[in-house]
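Note that the structure is a prediction, hence the values are computed from the model and not measured.
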Amino acid sequence: MKAISYVPHGAVPDLRGNAPAIVAQEFVRHFRLVAPHTVCDREIYTNAFEIERDYGPIHRLRVGRVYRRLFQKITRLDPYPLHARAACIADRVGADVFHAHQLEFPVADFLRRTHRRPTVLVHMHVYRTLKEELGVADCYVAVSEYARRRSIEERGYPTERVVVVHNGVDTERFRPPLPDERVALRAVLGIPPEAVVVSYVGRKASSKGYLAFLRAMNHLFQKRRDVYGVSVGMITEETRRHDGELEEIVALLTELRAHPRFHDFAPIAHVRLPAIYQLSDIVHFATYSDHETFGLVAAEAQASGCVLLGARHAAMHEIVRDGVTGFLVPDPRNVDDVIDRTENVVDRLESLGAMRTAARAWARQRFDWSVVAQRLERLYFGLVSGEAPAVACPDTYVDGTGAETHSGDSDCFRPQMESSTPPA
């Protein structure tokens with residue numbers, strides 16, 4: 001079977017942290033039976049076509065500066081849109097499956113331009129209202145059960161066509177550090193080996209829990225001398241326009257940047273992020289954003305053997321087993337409660353070794369890219385053979401009372417404990 005992964009707004013291999021590109025490339029890299037092709041933006045790459053050892057054939061699309069300005073911005077009368085170019089490639093390679101990592105992919109016009117009809121999947125990295133004028137895909141891939149339900153109940157997507165395949169994490173790169181690695185990483189920042197490091201990774205916005213993190217660090221710095229803080233991410237233009245607590249974020253961040261035990265970073269390339277988790281003990285991610293369709297930070301933190309302090313909100317309960325692989329605060333908007341729970345986790349850190357081991361095991365069993373890529377491959381083969389997609393979340397089961405339960409809430413997980421030595 002030949003399958004095309006289409007990423008019109010990112011490049012493979014990813015260089016700038018584009019989430020759809022990262023997801024697409026990791027699926028492709030971990031396929032076992034599917035013969036993958038990738039169609040993506042050229043970005044800074046010079047070749048229009050190349051074959052990468054890990055990703056297979058890559059077809060790179062380029063839009064010239066004059067063409068983009070004239071036909072995509074000024075007139076919006078694009079005579080040869082990217083999906084039309086992708087349709088030509090799909091015909092040329094004989095694709096059985098065309099997997100678009102673009103929610104508003106024009107399915108109908110794409111199929112009109114193809115001579116042979118591939119099975120079309122659209123990946124739902126976010127959720128928006130279905131635009132039927134674009135055509136309806138054979139299948140929509142939601143990254144969580146939370147995203148699936150909201151897309152069906154609120155956004156008009158057909159129930160029988162939306163399935164769940166969670167995002168994944170590279171558990172070979174996102175892994176607990178060896179003792180010498182941890183010491184060396186901390187030494188770069190002047191952090192003592194025995195210190196407690198609390199980190200935040202992500203967009204610096206109050207809805208992502210960043211203000212709660214800053215307040216928690218300010219509180220802990222006043223009470224303990226062994227606590228260090230690390231924050232990684234950026235304040236986006238959207239945050240500057242719409243975040244009602246931006247002024248407090250900026251003021252508190254400015255104050256903490258002057259503190260010798262606080263280290264603030266701009267966004268770091270995804271390939272460099274493992275080092276942040278490896279020097280950390282606790283990852284703070286008390287998000288209350290309704291758009292948290294998966295929460296990749298939570299999966300990465302667990303894979304790295306960190307203690308995650310998250311929130312019971314959106315899709316987080318699908319990723320974290322509260323009290324087993326991490327902690328989920330019930331009301332992330334209650335900042336005082338978040339601060340108290342953060343302090344409690346810091347105080348109990350030495351007793352949470354079993355949780356860190358269980359978190360690592362859970363991430364490997366449920367979210368390793370090799371595991372979720374197999375789910376996607378099964379979906380491809382089933383759709384091409386004419387089977388109706390299984391719409392239930394693969395991590396959903398029916399408990400003894402007949403009620404639908406999610407793996408994050410269940411007692412079915414029995415972690416396969418591993419040694420503290422990371423895989424080679």
Report summary line: Heavy atoms of Ala11 and Glu43 approach each other most closely as CB-OE1, 3.3 Å
Report summary line: Heavy-atom nearest pair, His99 first then His123, reads NE2-ND1, 2.8 Å
Report task. Locate the shortest heavy-atom distance separating Tyr146 from Glu318; write the atom from each residue and the value. Result -> N-OE2, 2.8 Å
Requested in this report: State whether Glu181 and Arg175 are salt-bridged, where the test is any N-O pair (Lys NZ or Arg NE/NH1/NH2 against Asp/Glu carboxylate O) under 4.0 Å.
Outcome: yes
Report task. Under the ring-ring contact (aromatic ring centres under 6.0 Å, His included) rule, what do Phe174 and His270 come out as? Steps first, then yes or no, please. Result -> CA-CA 11 Å; Phe174 290 90; His270 194 255; 5.4 Å; yes
Query raised in the report: Between Phe367 and Trp362, how do the two ring planes meet: parallel, tilted or perpendicular, split at 30° and 60°?
Result: perpendicular
Query raised in the report: Does Asp331 pair with Arg312 as a salt bridge, N-O distance under 4.0 Å?
Result: no
Requested in this report: Looking only at non-hydrogen atoms, find the nearest pair between Pro13 and Tyr45 and report the distance.
Outcome: O-OH, 2.6 Å
Query - Glu133 atom CD, neighbour heavy-atom count above 12 within 6.0 Å - result: yes
Report task. Would you please say whether a donor-acceptor pair under 3.5 Å links the side chains of His317 and Asp322? Result -> no
Report task. Please confirm whether the backbone N or O of Thr239 pairs with a side-chain atom of Thr236, one donor and one acceptor, at under 3.5 Å? Result -> yes
Report summary line: On a heavy-atom basis, the closest approach of Val338 and Ala212 is CG1-CB, 4.0 Å
**Report entry** Lys/Arg N to Asp/Glu carboxylate O, Asp180 vs Arg186, below 4.0 Å
**Finding:** no
Query raised in the report: So, Arg241 and Glu238, do they make that salt bridge, N to O below 4.0 Å?
Result: no
Query raised in the report: Could Arg60 and Glu50 be called an ion pair, given the rule that one side-chain N must be under 4.0 Å from one carboxylate O?
Result: yes
Query raised in the report: Can you check whether Ile282's main-chain N or O pairs, donor with acceptor, with Ser280's side chain at less than 3.5 Å?
Result: no
Query raised in the report: Hey, is the main chain of Glu343 close enough, under 3.5 Å, to the side chain of Arg348 for a donor-acceptor pair?
Result: no
**Report entry** Closest non-hydrogen atom pair, His284 against Ala216
**Finding:** NE2-CB, 4.2 Å
Requested in this report: Determine yes or no for a side-chain-to-main-chain donor-acceptor pair under 3.5 angstrom, with Arg149 supplying the side chain and Ser144 the backbone.
Outcome: no
Query raised in the report: Do Arg182 and Asp281 meet the salt-bridge criterion of a basic N to acidic O distance under 4.0 Å?
Result: yes
Requested in this report: Determine yes or no for a side-chain-to-main-chain donor-acceptor pair under 3.5 angstrom, with Thr287 supplying the side chain and His313 the backbone.
Outcome: no
Report summary line: side chain to side chain contact (heavy atoms under 4.5 Å, CB included) test vs Val143 passes for just one of Thr293, Leu296, Val165, Val126, namely Thr293
Requested in this report: Check the surroundings of atom CZ in Arg224: do more than 12 heavy atoms from other residues, nucleotides or ligands lie under 6.0 Å from it?
Outcome: yes
Query raised in the report: Hey, does the side chain of Gln374 reach the backbone of Val371 with a donor-acceptor pair shorter than 3.5 angstrom?
Result: no
Query raised in the report: Under the 3.5 angstrom rule, does the side chain of Asn18 hit a backbone N or O of His9 as a donor-acceptor pair?
Result: yes
**Report entry** Criterion side chain to side chain contact (heavy atoms under 4.5 Å, CB included) against Ile319, the qualifying member of Gln302, Arg366, Glu292
**Finding:** Gln302
Report task. Just say parallel, tilted or perpendicular for the rings of Phe285 and Tyr200, cut-offs at 30° and 60°. Result -> tilted
